[in-house]
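Since the structure comes first, as structure tokens, the remarks are kept for the end.
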Amino acid sequence: MIAADPWQGGATWAVLQYVLGLSRLGHQVYFVEPIQEKALRPSGSTLAASENADYFNRIVSEFGLRDRSALLLTNAAETSGLPYEKLRQVAGRAAVLINISGMLTDETLTSSIPIRVYLDLDPAFNQLWSAADGIDMRFGNHTHFVTIGLDIGEADCPIPTCGLPWLKTVQPIVLDRWPVATTIAHDALTTIGNWRGYGSIEYGGVLYGQKAHSLRQFFSLPTLTTEKFLLALAIHKNETNDLRALASNGWQLVDPARVAKTPSTYQQFIQGSKAEFGIAKSGYVLSRCGWFSDRSVCYLASGRPVIAQETGFSRHLPTGEGLFAFRSSDGVLAGIEELRKDYPKQARQARRIAEQYFDSDKVLARLLEKVGG
């Protein structure tokens, strides 16, 4: 979640929105992150001495969660933060478990909790890894299944449901933590992401892939407009052909380890941007699963318009002002033209969309209502 691959400001915020948002609603929230021994840095480190635990403890301290959080070594009773016995006591009286990708598998902690929610933040991929590759995605031992794939299970989405009754939710954002930004430091359309992630999969003759597969279709985009594109992109230096193509077409790159390493630097980069050019994994695009990025929600809340690659989300969210969906370069250029006509109007509408559709107070209250919590 946040510590297995530390120093990822965006991934950290994605989890914090749930923890902080549920706390805002008046619930007593405990945050437990399981981590495998092989993920500890440096290799061979103990949990207590690991870089993972250092980052975890920095974050929970910064956000006032230290007395309600634990980093738990998988298949052990060893923790950093709350001791394991305290976790057992808390679990014994807990009403709801929200389990991101089913990562918490310790049944000593989970089995007595009456409502156990599997939260799918990687729609299409989680279902395909299970149905097509036979990978255990830890669906078992949950009572409810929630996905941010707004079209999973719909007729237009080819992704198998794995026989599960998926409930739908959008990503929440704690608006008080993401106020409207006032200063543009990067006069460019920006985004933050990984060139390649993990787990591309072929299903039904279709390759459900990564951002690399999506962005290659738009290599020439900067040559078609005077707008600048600045990508905080994690891309390996050996991707020489792609790096050459990005440079020759005018894409500007910055290392996300420099501008998005922590929650605060991630927020500063987004809020200092003019707008987002939101490219999606090709798996989200081709699956038409209705995924919408938590990162894009942060742009919207900051009053930064978003031009995002279509995944089916436009069936559920308003587009045309503040938020624009594109399938081609022409769609991006049309969105840019609207920004140029009246940027203040587009910025105001971006914030309105965040307030209407993604406010954690509304989103998480609805989520708990759906699962009976």
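Just so you know, these numbers use all the heavy atoms, side chains as well, and skip hydrogens, waters and symmetry mates.
With Ser214 contributing its side chain and Ile279 its backbone, the two residues share no donor-acceptor pair below 3.5 Å. Panel note: side chain Arg68, backbone Val29; a donor-acceptor pair is recorded below 3.5 Å. No donor-acceptor pair under 3.5 Å is formed between the side chain of Ser220 and the backbone N or O of Thr223. A distance-only check finds no donor-acceptor pair linking the side chain of Ser273 to the backbone of Ala275 [under 3.5 Å]. Within the 3.5 Å criterion, the main-chain N or O of Pro6 finds no donor-acceptor partner in the side chain of Glu51. Of the possible donor and acceptor atoms, one in the side chain of Trp251 sits under 3.5 Å from a partner among the backbone N and O of Phe219. In this structure, the side chain of Gln127 does not engage the main chain of Pro160 through any donor-acceptor pair within 3.5 Å. The main-chain N or O of Leu243 is never found under 3.5 Å from a side-chain atom of Lys237 such that the two would form a donor-acceptor pair. In this structure a side-chain-to-backbone donor-acceptor pair under 3.5 Å is present from Gln346 to Gly322. Of the possible donor and acceptor atoms, none in the side chain of His316 sits under 3.5 Å from a partner among the backbone N and O of Ser314.
Within the model, atoms CH2 of Trp195 and NE2 of His213 stand 9.5 Å from one another, a figure rounded to the nearest 0.5 Å. To the nearest 0.5 Å, atom OH of residue Tyr198 and atom CG of residue Asn194 are 9.5 Å apart. Going from atom CD of Gln8 over to atom CD1 of Ile192 covers 10.5 Å, rounded to the nearest 0.5 Å. Here CG of Asn52 is found 10.0 Å from OG of Ser80. Values are rounded to the nearest 0.5 Å. With rounding to the nearest 0.5 Å, the separation of SG in Cys298 from CD1 in Ile270 is 5.0 Å. We find the OH-CE distance between Tyr118 and Met103 to be 10.0 Å, quoted to the nearest 0.5 Å.
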- Under the side chain to side chain donor-acceptor pair (under 3.5 Å) criterion, do Thr12 and Tyr55 qualify, and how do the steps go? CA-CA 10 Å; Thr12 300; Tyr55 180 73; 2.7 Å; yes
- Would Trp129 and Phe139 satisfy ring-ring contact (aromatic ring centres under 6.0 Å, His included), going step by step from the backbone distance to the final call? CA-CA 12 Å; Trp129 291 329; Phe139 293 144; over 10 Å; no
- Message: For Tyr357 and Leu323: C-alpha separation, side-chain torsions, deciding distance, then whether side chain to side chain contact (heavy atoms under 4.5 Å, CB included) applies.
- Response: CA-CA 12 Å; Tyr357 289 89; Leu323 172 62; over 6 Å; no
- Can Phe326 and Phe218 be said to form a ring-ring contact (aromatic ring centres under 6.0 Å, His included), step by step? CA-CA 11 Å; Phe326 71 86; Phe218 298 94; 5.3 Å; yes
- Message: Is there a side chain to side chain donor-acceptor pair (under 3.5 Å) between Thr226 and Arg340? Walk through the geometry before answering.
- Response: CA-CA 11 Å; Thr226 57; Arg340 287 175 170 173; 2.6 Å; yes
- Applying side chain to side chain donor-acceptor pair (under 3.5 Å), run through Arg58 and Thr262 and close with a yes or a no. CA-CA 10 Å; Arg58 286 173 185 241; Thr262 66; over 6 Å; no
- Evaluate the criterion ring-ring contact (aromatic ring centres under 6.0 Å, His included) for residue pair Phe269 and His186; output intermediate values, then yes/no. CA-CA 8 Å; Phe269 182 79; His186 312 292; 5.0 Å; yes
- Message: Apply side chain to side chain donor-acceptor pair (under 3.5 Å) to residues Gln36 and Thr74 and explain how you reach the verdict.
- Response: CA-CA 5 Å; Gln36 296 184 1; Thr74 302; 5.4 Å; no
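Heavy atoms of other residues, nucleotides or ligands lying less than 6.0 angstrom from CD of Gln252 number more than 12.
Under the 4.5 Å side-chain heavy-atom criterion for ILVMFWY residues, a single connected hydrophobic cluster contains both Leu16 and Val363. At a threshold of 4.5 Å between side-chain heavy atoms, the hydrophobic network of Ile, Leu, Val, Met, Phe, Trp and Tyr places Tyr30 and Val19 in two separate groups. Each of Val285 and Leu215 belongs to its own hydrophobic cluster when Ile, Leu, Val, Met, Phe, Trp and Tyr are linked at side-chain heavy-atom distances under 4.5 angstrom. Hydrophobic clustering keeps Leu73 apart from Val90 (ILVMFWY residues linked when any side-chain heavy atoms are closer than 4.5 Å, directly or through intermediates). Taking hydrophobic clusters as Ile, Leu, Val, Met, Phe, Trp and Tyr residues chained together by side-chain heavy-atom distances below 4.5 Å, Trp291 shares a cluster with Leu286.
Considering Thr143, Leu367, Ile115 in turn, Ile115 is the only one that fulfils the side-chain contact (heavy atoms from CB on, under 4.5 Å) rule with Val96.
A donor-acceptor pair shorter than 3.5 Å can be found between the side chains of Asn141 and Glu107. No side-chain N or O of Tyr203 forms a donor-acceptor pair with one of Ser287 less than 3.5 Å apart. Between the side chains of Gln171 and Tyr18, at least one donor-acceptor pair of N or O atoms lies under 3.5 Å.
Taking the ring centre of Phe277 as origin, the terminal cationic atom of Lys228 falls outside the region bounded by 6.0 Å and 45° from the ring axis.
Counting all heavy atoms, side chain and backbone alike, Arg351 lies closest to Ala301 at NH1-O, 2.6 Å. When all heavy atoms of Ile35 and Ala4 are compared, the closest pair comes out as CD1-CA, 3.9 Å. Closest non-hydrogen pair, Leu47 versus Ala53, comes out as O-CB, 3.2 Å. Counting all heavy atoms, side chain and backbone alike, Ser296 lies closest to Val306 at O-CG2, 3.7 Å. Here the closest non-hydrogen pair linking Gly283 and Phe125 is CA-CZ, 3.7 Å. Across all non-hydrogen atoms, the minimal contact from Gly209 to Ser282 is N-OG, 2.8 Å.
Residues Leu82 and Val32 have side chains not in contact (no heavy-atom distance under 4.5 Å, counting atoms from C-beta outward). When side chains are defined from C-beta on, Phe31 does not count as touching Leu22, because their heavy atoms never get closer than 4.5 Å. Looking at heavy atoms from C-beta onward, Asn126 lies out of side-chain contact with Thr147 at the 4.5 angstrom threshold. The shortest side-chain heavy-atom distance between Leu72 and Tyr84 falls under the 4.5 Å cut-off. Counting heavy atoms from C-beta outward, Leu167 and Val371 have side chains that approach closer than 4.5 Å.
Electrostatic pairing of Arg366 and Glu369 does not count as a salt bridge here, judged by no charged N lying under 4.0 Å from a carboxylate O. We find that Arg88 and Glu85 are joined by a salt bridge, their nearest charged nitrogen and carboxylate oxygen being less than 4.0 Å apart. With respect to the salt-bridge test (charged N to carboxylate O, under 4.0 angstrom), the residues Asp361 and Arg24 qualify. Contact check on Glu276 versus Arg295 returns a salt bridge, with a Lys/Arg side-chain nitrogen under 4.0 Å from an Asp/Glu carboxylate oxygen. Ion pair Lys168/Asp120 not flagged as a salt bridge, since none of the NZ, NE, NH1 or NH2 atoms sits closer than 4.0 Å to an Asp/Glu carboxylate oxygen. Taking a cutoff of 4.0 Å between a charged side-chain nitrogen and a carboxylate oxygen, Glu154 and Arg288 do not qualify as a salt bridge.
Between Trp13 and Phe63, the ring planes are perpendicular. Angles over 60° get that label, and only those under 30° would be called parallel.
Within the structure, side-chain hydrogen bond (donor to acceptor under 3.5 Å, both in side chains) contacts touching residues 317-333 (residues at least two apart or in different chains) are Glu321-Lys345.
Taking the six-membered ring where the residue is Trp, the centroids of Phe313 and Tyr284 are separated by 6.0 Å or more.
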